[in-house]
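Down below is the structure, laid out as structure tokens.
Atom set for the values below is all heavy atoms of this structure, side chains included, hydrogens, waters and symmetry mates excluded. A quick note: this is a predicted structure, and the numbers were derived from the prediction, not measured. Every chain is numbered from 1, with letters handed out A, B, ... down the list of sequences.
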Protein chains: 2
Amino acid sequence: MQLKSLRLLMAVAETGSFMAAAKQLHTVQSNVTTHIKKLEEELGAQLVHRAGGVRLTSAGLALLDYAERLLAVHDEALALFKSPENAAGQLRLGSMETTMALRLPPILAAYHANFPDVDMTLSTGPTASLIEKLMAGQADGVFVAGAIDHHRYHSLKVFSEQLVLVSPTPMASVPSSEELLTATFLAFRQGCSYRQRIELLLASQGINAVRVFEFGTLDAMLGCVAAGMGYTVLPRITVEAHRHRFGIHTMELPSDIANIDTYFVTPEPATWSPALARFVDTLRQEAKV
Amino acid sequence: MQLKSLRLLMAVAETGSFMAAAKQLHTVQSNVTTHIKKLEEELGAQLVHRAGGVRLTSAGLALLDYAERLLAVHDEALALFKSPENAAGQLRLGSMETTMALRLPPILAAYHANFPDVDMTLSTGPTASLIEKLMAGQADGVFVAGAIDHHRYHSLKVFSEQLVLVSPTPMASVPSSEELLTATFLAFRQGCSYRQRIELLLASQGINAVRVFEFGTLDAMLGCVAAGMGYTVLPRITVEAHRHRFGIHTMELPSDIANIDTYFVTPEPATWSPALARFVDTLRQEAKV
DNA sequence: TAGTAGCTATCTCATTTTGAGATAAAAGAT
DNA sequence: ATCTTTTATCTCAAAATGAGATAGCTACTA
């Protein structure tokens with residue numbers, strides 16, 4: 001059974017004539033005859049009355065019902081891929097905790113407002129496991145720290161964060177080695193790229209091992225810093241958004257350690273679903289990159 | 001876009017391999033490649049990741065969603081026509097008032113029990129207008145008095161009725177001409193074949209015109225006969241079913257006038273929809289013809 | 001009832017598409 | 001590195017398709 005044949009059947013039903021149907025679909029009448037005949041052979045039933053003006057038989061009407069449904073789905077699928085204002089289906093995103101907390105809400109909101117037919121799922125996790133998810137095909141795109149150098153993947157720089165040292169008391173300068181040695185650090189669980197920066201900071205001071213507490217959420221971490229439990233390293237914008245709720249202080253870090261870029265990593269653009277392509281559009285607009 | 005291609009895409013998604021997909025659908029791997037490639041060109045998006053084991057891209061997954069819907073509808077349509085135990089869609093029947101009242105209820109009930117997915121509509125009317133409806137394509141089959149001699153239509157004899165003269169008082173024999181001349185006749189509206197029999201009866205007595213009242217429903221008519229308003233002519237089985245409710249009496253008529261057959265008339269069997277074909281099956285069983 | 005106008009079925013043929021096999025190229029496994 | 005498995009490409013024969021020409025059918029008209 002060919003979609004073409006069904007479309008011809010619909011045209012015949014509409015126009016009540018093989019010639020008019022042919023004209024409507026820009027073909028010739030003999031082809032209409034052939035297609036309808038083939039359908040009739042395939043289904044073993046006469047679909048069209050040929051006495052005088054043609055009319056669908058009851059078998060034809062029964063098939064017409066399916067033809068309409070079939071072509072509606074087909075046209076919908078085609079429209080999805082053809083017109084850039086369409087997006088539907090599902091979109092599986094992944095993001096780091098901090099990006100999710102501060103950068104994504106307005107973007108997700110804007111996307112959902114424009115493309116309400118997309119079912120979004122967003123999971124958070126550290127950079128390493130997000131990349132794994134992406135490569136396993138369990139996510140369509142992930143927000144991670146740092147670009148991926150792989151020709152099958154595409155990295156779009158979307159945010160630039162400046163990391164700052166967060167402490168419970170004001171500081172004049174980056175703490176000395178001695179101070180750091182005795183200090184406690186709070187960080188997200190292993191795999192988080194910000195934690196790697198903490199270790200980088202410590203390494204730059206010649207310190208290899210130090211006590212590090214692990215947290216799962218931002219609020220818990222900042223609460224503990226404010227309570228004097230220790231230091232942490234976070235994006236400036238993240239800290240500033242929460243500063244009014246916690247009695248915390250920040251200190252600039254050396255730029256090689258401080259500057260970290262967030263990328264949106266996906267498979268090659270050619271493989272993007274319409275939903276994903278529209279998401280990247282939204283991202284470009286909202287993040288202004 | 002070809003249904004074949006979509007089916008291949010589904011097989012690829014399922015098996016995760018072009019070769020396995022080819023085997024599953026009894027074709028060769030090169031054809032799978034070609035079909036998928038054609039889909040990709042048509043939609044302008046890569047549908048399948050070719051790194052190592054093949055996997056659908058997010059665009060592929062989006063299309064897969066439509067492919068599944070499309071093929072489900074297609075298979076449903078095909079199953080409808082292929083397997084004789086299926087029937088769906090609509091069935092538009094027409095029937096004479098008397099047949100509807102007495103013969104059809106058990107048949108319609110049996111049909112509906114077996115094929116609940118068919119939307120039945122039944123309209124009643126006199127033979128003439130039912131035939132018109134059928135010919136105009138507004139009905140799929142009609143129960144009428146007498147066969148149709150037309151090579152585009154098919155008449156199936158389903159019931160044999162014996163017409164009797166119905167009167168308010170007992171009769172020893174068919175009323176004489178003088179009695180008939182002064183009598184009033186009650187009948188369905190013009191077009192009803194039973195009414196033609198009344199006129200035939202009168203003509204056999206050399207009477208051309210007589211007073212005839214027209215009624216739309218059986219109950220009204222029988223009620224008026226019982227009340228002594230006049231005579232009527234109806235199938236014996238119809239009268240017997242109502243005799244206990246009305247004080248009426250019957251009298252046999254000459255067999256050439258009395259015997260009348262009810263036919264189920266449809267377009268040619270080749271044009272029957274599955275729903276109609278199953279109805280005729282049911283009819284043959286229930287009516288035992 | 002013959003004629004005519006309008007439509008559909010059939011036939012033909014050039015073109016395109018399809019399907020299958022063979023082979024080359026690429027990716028993983030040992 | 002070699003071998004195995006899988007996909008892409010090429011080729012060719014067979015089949016399907018689309019368009020035109022023509023014959024046949026139906027309904028309407030005079």
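- By the 4.0 Å N-to-carboxylate-O rule, A:R103 lies too far from A:E97 to be salt-bridged with it.
- Applying the side-chain hydrogen bond (donor to acceptor under 3.5 Å, both in side chains) rule to B:N86 yields the partners B:S83; only residues at least two apart in sequence or on another chain are considered.
- If you check residues 24-39 of chain B against DNA chain D, the residues with a heavy atom closer than 4.0 Å are B:Q29, B:S30, B:T33, B:K37, listed by number.
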**Item:** Evaluation steps, side chain to side chain contact (heavy atoms under 4.5 Å, CB included), between A:N31 and A:L8
**Value:** CA-CA 9 Å; A:N31 291 333; A:L8 282 171; 5.6 Å; no

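- A side-chain donor-acceptor contact under 3.5 Å links A:T266 and A:W272.
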**Item:** Audit row: A:F115, A:F279, ring pair (Phe, Tyr, Trp, His ring centres under 6.0 Å) steps and yes/no
**Value:** CA-CA 9 Å; A:F115 308 106; A:F279 183 76; 9.6 Å; no

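- Between A:Q2 and D:dT17 there is a side-chain N or O to OP1 or OP2 distance below 4.0 Å.
- Of the charged side-chain nitrogens involved, none lies within less than 4.0 Å of a carboxylate oxygen, so that A:E42 and B:K82 do not count as a salt-bridged pair.
- Using a 4.5 Å cut-off on side-chain heavy atoms (C-beta onward), B:F81 and B:P274 make contact.
- Atom C1' of nucleotide D:dT26 and atom CE of A:M19 are separated by 15 Å, given to the nearest angstrom.
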List the atom pairs, with distances to 0.1 Å, where a side-chain N or O of residues 142-150 of chain B and a protein N or O form a donor-acceptor pair under 3.5 Å, not counting sequence neighbours.
residue : atom : partner : partner atom : Å
B:H150  : ND1  : B:R152  : N            : 2.9

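- If you measure from atom NZ of A:K23 to atom P of D:dA19, you get 14 Å, rounded to the nearest angstrom.
- A salt bridge is defined here as a Lys NZ or Arg NE, NH1 or NH2 lying under 4.0 Å from an Asp or Glu carboxylate O, and A:D75 with A:R7 meets this definition.
- Exactly one of A:L122, A:L108, A:V118 qualifies for a side-chain contact (heavy atoms from CB on, under 4.5 Å) with A:L91. That residue is A:V118.
- Every residue meeting the side-chain hydrogen bond (donor to acceptor under 3.5 Å, both in side chains) condition with B:S5, not counting sequence neighbours, appears here in chain and number order: B:H35.
- Computed from coordinates, the A:R152 CZ to C:dA26 P distance equals 12 Å when rounded to whole Å.
- The stretch residues 6-16 of chain B does not touch DNA chain D, since none of its heavy atoms comes less than 4.0 Å from the strand.
- Remark: B:K4 is not in phosphate contact with C:dT18, judged by side-chain N or O atoms under 4.0 Å from OP1 or OP2.
- Close to D:dC25, at under 4.0 Å from its OP1 or OP2, lies no side-chain N or O of A:R50.
- Taking the screw axis at each terminus of the helix from C:dT1-D:dA30 to C:dT30-D:dA1 from five consecutive base pairs, the angle between the two is 30° to within rounding of 10 degrees.
- Here the C1' atom of nucleotide C:dA26 and the NE2 atom of B:H49 are 17 Å apart, to the nearest Å.
- Regarding B:L3, its CG atom lies at a distance of 18 Å from the P atom of C:dT17, rounded to whole Å.
- Here the P atom of nucleotide D:dG20 and the CZ atom of A:F18 are 19 Å apart, to the nearest Å.
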